Amino acid sequence: MKVLELNHVEKSFGDLPVIKDISLEVEEGEILSIIGPSGSGKSTLLRCATMLETLDGGEVVYLGKKAVWAGQDGRVSYAPKRELKEIQSQYGLVFQNFNLFPHFSVLKNVMDAPVHVQKKNKEEARREAMELLGKMGLADKADAYPCQLSGGQCQRVAIARALALNPKILFFDEPTSALDPELTGEVLKVIKSLADLDIAMVIVTHEMAFAKDISHRVIFMADGVIVEEGTPEQIFASDNERTKSFLGRYGAVLNG
């Protein structure tokens with residue numbers, strides 16, 4: 001079953017086209033990595049998919065339901081409010097910079113959306129949040145505040161928070177780019193462990209060895225378009241000059 005469909009998505013900032021007629025699909029349980037140089041439109045594509053940016057063209061569909069679409073006149077339409085809320089509960093987003101609530105404890109950060117968005121009973125939400133924190137190796141940090149944690153721990157809280165809504169698909173926008181190299185490994189390990197949960201994932205990353213290892217499919221983007229897509233084996237052994245030139249910078253990592 002298709003969890004996500006992006007059809008002919010376009011986005012410009014002023015006169016600068018950033019996403020140019022991109023279409024892609026993500027199946028249930030599929031792990032898709034999006035790689036490419038800085039400025040290629042990877043993060044903007046994720047922001048369009050999660051409705052943090054408005055489209056200039058195209059449509060976004062979750063589980064067969066249209067979430068947002070742009071008409072030929074460029075006017076953007078959204079699904080009715082109740083339907084949109086239901087659609088938005090199908091996905092979670094993990095940002096580069098964690099975006100935790102600084103005035104909430106770790107536990108409250110994870111519990112907040114299930115209680116206020118899904119109207120879950122507080123005790124149930126607390127129990128599930130503690131379970132998730134346990135999976136992240138952070139049960140002992142439940143009462144701590146984000147400022148008391150390392151970057152790697154903050155990112156693991158952010159992952160637990162995204163999982164708390166039981167989404168069908170998780171988006172990761174460069175989840176390790178704000179971390180020191182020694183903390184990157186712990187976050188990648190956690191993301192890898194999520195593969196067992198059979199949740200679809202779309203991961204924008206510059207960690208090439210990780211993308212090669214975890215993905216079912218890889219998309220290489222440049223200049224706002226999909227240059228190439230395929231299995232990790234196909235992309236990382238590609239003959240396409242643009243892809244080869246980009247991956248050449250990571251030779252030591254990929255061959256190590």
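Numbers here simply count residues along the sequence, with the first being 1. A quick note: this is a predicted structure, and the numbers were derived from the prediction, not measured.
Formation of a donor-acceptor pair under 3.5 Å by the Asn109 side chain with backbone atoms of Phe101 is found in this model.
Heavy atoms only, all atoms of each residue included: Ser43 and Val204 are closest at OG-CG1, 4.3 Å. Of all the heavy atoms in Ile226 and Ser23, the pair that sits closest is CD1-O, 3.9 Å. Across Ala160 and Leu132, no two heavy atoms sit closer than the pair O-CD1, 3.5 Å. Shown here for Val9 and Cys48, the closest heavy-atom pair between the two residues is CG1-CB, 4.3 Å. Nearest heavy atom pair, residue Glu228 against residue Ser238, reads OE1-OG, 2.7 Å.
Between Met221 and Leu45, the closest side-chain pair of non-hydrogen atoms falls below 4.5 Å. By the 4.5 Å heavy-atom criterion applied to side chains, Pro175 and Gln96 are not counted as neighbours. Residues His206 and Thr176 are in side-chain contact: their nearest non-hydrogen atoms beyond the backbone lie under 4.5 Å apart.
Inspection of the Thr205 and Glu174 side chains reveals no N or O donor paired with an N or O acceptor under 3.5 Å.
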Legend entry - Residues Leu63, Gln90; criterion side-chain contact (heavy atoms from CB on, under 4.5 Å); working and verdict: CA-CA 9 Å; Leu63 299 164; Gln90 304 292 345; 3.5 Å; yes

Inset, instruction - Apply salt bridge (Lys or Arg N to Asp or Glu O under 4.0 Å) to Lys192 and Asp213, showing your working. - result: CA-CA 9 Å; Lys192 221 179 228 184; Asp213 189 31; 2.4 Å; yes

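More than 12 heavy atoms of other residues, nucleotides or ligands shown are found within 6.0 angstrom of CG on Asp140. Annotation: Asp15, atom CG; neighbour count of heavy atoms from other residues, nucleotides and ligands within 6.0 Å does not exceed 12. In this structure, Lys120 places its NZ atom where more than 12 heavy-atom neighbours from other residues, nucleotides or ligands lie under 6.0 Å away.
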